[in-house]
Amino acid sequence: MMQPGAGGVAPSALGQQPAQQYGQQPAQPYMMMPPPTAQAPAMWAPQSHVAPPAPQLPQHSQPASADEVRTLWIGDLQYWMEENYLYNIFLHTGEVVSVKVIRNKQTCQSEGYGFIEFNSRAAAERVLQAFNGTPMPNGAQNFRLNWASTGEKRSDDTPDYTIFVGDLAADVTDYVLQETFRARYPSCKSAKVVIDRLTGRTKGYGFVKFGDESEQMRAMTEMNGVLCSTRPMRIGPAANKNAGGSQQYSNGCQEALSSKGQILISAEMVSP
DNA sequence: GATGAGCGT
């Protein structure tokens with residue numbers, strides 16, 4: 001027989017209202033700030049904060065074939081941003097099916113990203129367009145949203161040529177950084193300002209990716225010292241993360257190995 | 001100041 005108390009539980013596991021305390025956050029973290037300049041497009045969020053025109057940050061194009069893709073990936077989460085926080089942010093859409101923050105199994109600490117599933121692909125896309133790159137309710141950082149990858153490979157055939165950009169002012173966002181470069185380098189694909197997960201604030205450096213190697217090279221010299229927002233950028237080579245950007249070290253490794261070998265050999269020779 | 005971040009049961 002059914003337990004009386006458990007009969008009419010909320011459909012979603014999140015239905016049970018979360019006790020809303022997010023670390024240092026005061027009582028109502030979700031109070032959406034009034035739209036700065038927003039005339040609400042009144043599609044699905046009549047009365048709410050419609051963020052400034054979502055900058056066209058690079059996102060994976062929506063997979064056309066897969067009807068099932070209704071989930072967004074969200075990153076750059078601070079540790080205190082848990083399911084209930086995310087859930088309440090998108091609550092007004094009425095179309096959130098589930099929310100999940102990925103945690104480390106040992107420490108149970110957030111890994112800084114999660115997934116938001118909507119009841120339709122269109123709903124997910126609206127959220128993606130409207131929120132991505134706009135300030136999160138806590139005010140410190142911007143939403144970093146994208147389509148969740150469904151295990152299928154992302155269409156990413158082209159190599160990236162990346163540079164490191166330092167000395168960024170506090171107000172430089174991905175969008176600002178990217179536009180700074182895209183104005184001169186059409187192959188500029190994306191820009192990312194690195195965010196401190198503890199504070200949600202910028203670390204003052206970032207990465208810019210180009211599709212064209214010669215533009216990467218040119219940008220390295222031409223853009224060094226150029227103003228971005230209020231500060232001159234300092235540009236350097238990016239440590240090889242995603243290949244492409246710089247030369248492989250295959251030869252270097254061999255040299256290192258052989259010279260190590262030499263050291264060993266000479267050590268043997270030196271020994272009595 | 002100083003080299004990310006990225007897909008779960």
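So you know, we letter chains A, B, ... as the sequences are listed, proteins then strands, and number each from 1.
- Among the heavy atoms of the strands lying under 4.0 Å from D167(A) is at least one base atom, whether or not backbone atoms are also near.
- By the criterion of a centre-to-centre distance under 5.5 Å and near-parallel planes under 30°, the ring of F164(A) forms no stack with the base of dA2(B).
- dA2(B) atom P lies 17 Å from atom CG of N224(A), rounded to whole Å.
- Along DNA chain B, the nucleotide nearest F115(A) and the nucleotide nearest R231(A) are compared for position; the residue whose nucleotide lies closer to the 5' end is R231(A).
- Against the 90° criterion about 0, the sugar-base torsion of dG6(B) places it in the anti range.
- Aromatic ring orientation, H92(A) versus F131(A): tilted (interplanar angle from 30° to 60°).
- The separation between W147(A) atom CH2 and dC7(B) atom C1' is 15 Å, rounded to whole Å.
- The nearest whole Å value for the distance from the CD1 atom in I163(A) to the P atom in dT3(B) is 16 Å.
- Residue contacts for Y205(A): at a heavy-atom cut-off of 4.0 Å it reaches the sugar-phosphate backbone alone, with no base atom in range.
- Between the side chain of T71(A) and the main chain of E117(A), no donor-acceptor pair closer than 3.5 Å is present.
- Comparing G166(A) and R197(A) along DNA chain B, the residue whose closest nucleotide (by nearest heavy atom) sits nearer the 5' end is G166(A).
- Here the rule is side chain to side chain donor-acceptor pair (under 3.5 Å) with S187(A), and of R182(A), K209(A), E215(A), E213(A) only E215(A) fits it.
- Judged by distance alone, the side chains of D212(A) and S214(A) do bring a donor and an acceptor atom under 3.5 Å apart.
- When distances are taken from the side chain of V194(A) to each of dG4(B), dA2(B), dT9(B), the shortest belongs to dG4(B).
- When the C1' atom of dG4(B) is taken as reference, atom CG of N146(A) falls 15 Å away, rounded to whole Å.
- Atom CG of L72(A) and atom P of dC7(B) are 16 Å apart (whole Å).
- At whole-Å resolution of the value, CZ in R103(A) and P in dT9(B) are 11 Å apart.
- Residues R121(A) and E95(A) are not paired through a salt bridge, judged by the lack of any N-O separation under 4.0 Å between the basic side chain and the carboxylate.
- Regarding R201(A), its CZ atom lies at a distance of 18 Å from the C1' atom of dA2(B), rounded to whole Å.
- Nucleic acid contact for Y113(A): sugar-phosphate only, since backbone atoms but no base atoms lie under 4.0 Å from a heavy atom of the residue.
- K105(A) has its NZ atom 10 Å from the P atom of dG8(B), to the nearest Å.
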